[in-house]
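Just below is one structure, and these are the notes that go with it.
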Amino acid sequence: AIEAYKNALSLSPNSYQVYSNLGIALKDQGEHEKAIEFIKKALKLNPNFIEAHFNMGIVFKEQNKLEDAIKAYKKCISLKPDYADVYNNIGSIFQTQGKLDQAIQAYKKAILLKPDYIEAYINIGIAYEKEKKLDQAIEVYNKAISLKPDYADTYNNLGVALKNLGKLEKAIEAYQKAILLKPDYDDAYNNLGVALQILSFKGKLFDKPNKSLQNSIISLLDKKTFIRPQGIAYLAISLIKIEPNLNKYLQQDNFDNLALNILKIISDLSEFPLLLKLMSICPITDLNLERVLKKLRAELLMSIKKIGDSPKILHFQSALALQCFTNEYIYNYSNAEEKALSILEESVKQILTNGTQPSPSTILCLASYKSLYKFKWRNLLIVNDKIKDVYLRQVEEPNKEAKLKKKLPLLEVITDKISSKVKKQYEASPYPRWINLKLRSKPASISKIISEKNLKIFYDKIEKIKSPDILIAGCGTGQHSIEAASRYKNSKVLAIDLSLSSLSYAKRKTEELNIKNIDYIQADILNLNKLDRQFDIIESSGVLHHMDEPLAGWRELRNCLKPGGLMKIALYSKLARQHIIEIRKEISNAGLSSSDIDMRSFRDMILKSEKKHHKLILNSNDLYSMSSLKDLLFHEQEHRFTIEQIKECIFSLDLKFCGFETQNIVEHFKSTNAEKDDIYNLEKWQVYEETYPRTFEGMYHFWCQKLG
């Protein structure tokens with residue numbers, strides 16, 4: 001475009017329209033000073049050229065020269081008093097300045113001049129939202145919808161206002177309408193994910209069928225980086241379970257007494273693509289569905305020679321094999337299944353030895369009991385479309401991790417006794433095995449993130465850091481490090497972990513997502529002094545409480561933090577984990593190990609138990625995969641904390657408490673602690689937790705700052 005405009009000027013050097021258009025093109029390239037230069041040339045040729053004054057206002061607004069922008073827009077109005085777009089843009093400037101009443105008046109003037117000006121209606125709604133006048137915002141959005149029912153942005157903004165008003169189901173309906181009108185509307189998908197997560201956090205379940213919402217959730221999950229599937233899995237499952245054609249199989253008496261027609265059952269289940277999608281990407285956290293899947297897995301194995309290779313059967317088998325791989329084969333099986341499995345393995349080995357190929361249904365059946373990566377004959381398989389998804393997940397990805405593992409650097413040989421035990425655990429069971437996650441669409445400055453999290457800052461130098469160095473201490477399989485790398489603008493992330501298995505998983509996922517600003521090193525927190533390096537931000541979630549002396553590890557992290565730096569820590573709550581403490585005692589008294597056999601056996605006992613502390617554990621997502629079960633109940637080392645202990649640690653490390661992170665918890669706390677600074681008062685938080693002892697079941701997540 002710039003080249004075309006320059007060519008036009010060579011032919012017509014006095015064309016003020018071309019100079020103005022060239023200025024806007026340069027503005028779009030980020031060359032604001034050059035843009036102003038050419039727009040001024042347009043105005044020199046024609047001082048009353050309204051569009052040039054308008055374009056000048058746009059450029060000044062982008063430069064944050066707000067008064068200059070208003071001056072340019074006022075010149076427009078003097079030349080054309082009924083220019084609605086100018087009033088809308090002036091309103092936007094007032095809104096940026098926090099002058100919301102003046103902004104609303106400007107938007108209303110734009111609408112008076114142009115009654116169907118939908119963008120101005122939306123801007124009024126946003127201004128009302130900023131004033132916390134949510135009912136008025138909703139009224140404005142509904143008026144805009146009545147004028148233009150097919151405008152996706154209005155529905156998206158309506159959804160935001162409804163969500164902020166606590167009307168989550170209505171918000172979800174609005175986001176769905178936005179997505180139906182604009183199928184590639186990323187902002188609406190992101191907002192839909194947020195609303196679903198809040199509903200899930202509140203323990204809400206759907207109570208009526210909604211195929212349209214099922215399709216929207218599938219599209220959301222297909223985005224891959226918009227939401228952690230596990231965060232909405234149980235809620236999404238509730239949407240499927242109320243479908244009559246599925247619900248009939250979830251009634252235990254009905255299912256146990258049903259004459260099993262595998263083809264009919266699988267055909268019925270295949271009517272629900274959302275179920276197959278969830279089976280493919282995250283553990284299914286519903287015991288009734290788990291019972292159905294276990295039963296079908298067994299029946300498929302026992303009748304493998306009869307079922308054939310129909311597309312529906314293979315699609316279901318593929319989803320089942322991916323589910324079992326993702327939950328790390330947590331489903332137990334009978335002696336009869338074990339015998340049938342052994343026979344099937346031997347037959348596949350013989351078929352391949354003879355130079356032929358086993359049927360896809362046979363391979364998928366085996367893959368639902370044991371990872372294909374563990375079979376010596378895996379490389380003899382000819383991979384076709386019917387088994388490619390499972391082969392990718394169970395063979396190609398582990399192969400890649402094995403290669404990456406050899407290239408990962410080691411900071412220092414790990415010698416600490418407890419660190420070595422924990423390392424061994426995570427080498428065998430890297431945690432968690434994830435497929436999709438949530439990435440921030442646009443990285444933000446530290447200042448913006450501090451504002452979003454409502455942190456109390458004691459030394460504001462941190463807010464001025466433009467390119468932060470970040471340490472993720474205990475990155476596991478990479479969710480934490482990758483999300484951090486996408487969150488902080490211009491950041492450079494160093495991620496460490498004890499386990500090479502975890503690090504290689506993290507490295508593979510980082511490469512898949514084409515993320516370039518993370519380095520991975522195998523290291524113990526206790527050896528971080530060997531780095532001889534300090535960081536602007538350090539995050540360590542769920543790590544310190546697995547060390548022999550958590551405070552010693554925390555001190556090492558503090559030493560690596562720059563003065564004024566921020567640190568995010570996550571620790572187990574003693575109050576919230578009373579039921580876990582009791583269960584761990586039972587495991588110890590029974591002399592159980594963390595072998596797969598013992599863990600499956602103990603899990604089966606819990607699933608059948610009527611004891612209160614056993615029933616509490618059923619709500620935990622960690623009960624539904626082997627590595628997370630080990631982390632939850634069979635970990636080599638575990639400490640729990642009280643808020644009083646956290647306060648003492650922060651004081652002894654000369655840190656300052658900046659606030660808890662989990663927004664839903666903070667909002668509930670504020671309902672009984674209304675003073676502005678109450679959220680930074682650990683004494684009040686201690687009283688709150690004693691009143692609501694299960695609040696921090698998912699760990700304390702909090703921030704602190706180093707001053708000296």
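In this structure, Lys223 satisfies the cation-pi test against Phe226, with its NZ or CZ atom closer than 6.0 Å to the six-membered ring centre and inside 45 degrees of the ring normal. Geometric assessment of Arg577 against the ring of Tyr572 yields a positive cation-pi assignment under the 6.0 Å and 45° thresholds.
The residues Glu512 and Lys509 are annotated as salt-bridged, a charged nitrogen and a carboxylate oxygen being separated by less than 4.0 angstrom. Ion pairing between a basic and an acidic side chain is recognised when a charged N comes within 4.0 Å of a carboxylate O; Lys424 and Glu427 show no such pairing.
Side-chain contact of Ser627 with Glu328: a donor-acceptor pair under 3.5 Å is present, judged by distance alone. Judged purely by distance below 3.5 Å, without hydrogens or angles, the side chains of Glu638 and His546 never pair a donor atom with an acceptor atom. No side-chain donor from either of Lys489 and Ser445 sits under 3.5 Å from a side-chain acceptor of the other.
Residue pairs meeting the salt bridge (Lys or Arg N to Asp or Glu O under 4.0 Å) criterion with at least one member in residues 563-575, sequence neighbours excluded, are Lys568-Glu661. Under the salt bridge (Lys or Arg N to Asp or Glu O under 4.0 Å) criterion, the residue pairs touching residues 432-447 are Arg440-Glu452, with sequence neighbours excluded. Screening residues 640-659 for ring-ring contact (aromatic ring centres under 6.0 Å, His included) gives Phe657-Phe660 as the qualifying pairs, with residues at least two apart or on separate chains. Pairs passing the ring-ring contact (aromatic ring centres under 6.0 Å, His included) check and including a residue from residues 456-488, sequence neighbours excluded, do not occur.
Counting non-hydrogen atoms of neighbouring residues, nucleotides and ligands closer than 6.0 angstrom, the CD atom of Glu675 reaches no more than 12 such neighbours. Other residues, nucleotides and ligands contribute over 12 non-hydrogen atoms within 6.0 Å of the NZ atom of Lys405.
For the ring-ring contact (aromatic ring centres under 6.0 Å, His included) test with Phe669, the passing option among Tyr688, Tyr680, Phe696 is Tyr688; the others fail.
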Using distance only, find each side-chain donor-acceptor pair of residues 515-522 under 3.5 Å and give its atom names and separation, not counting sequence neighbours.
from: Lys516; atom 1: NZ; to: Asn514; atom 2: OD1; distance (Å): 3.1
from: Asn517; atom 1: ND2; to: Ala485; atom 2: O; distance (Å): 3.3
from: Asn517; atom 1: ND2; to: Ser491; atom 2: O; distance (Å): 3.1
from: Asn517; atom 1: ND2; to: Ser491; atom 2: OG; distance (Å): 3.2
from: Tyr520; atom 1: OH; to: Ser481; atom 2: OG; distance (Å): 3.0
from: Tyr520; atom 1: OH; to: Thr510; atom 2: OG1; distance (Å): 2.6
from: Gln522; atom 1: NE2; to: Leu498; atom 2: O; distance (Å): 2.9

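Ring geometry, His668 versus Tyr692: the interplanar angle exceeds 60°, so the pair is classed perpendicular (tilted spans 30 to 60°).
Among residues two or more places apart in sequence or in another chain, the side-chain hydrogen bond (donor to acceptor under 3.5 Å, both in side chains) test is passed with Asn156 by Tyr185, Asp187, Asn191.
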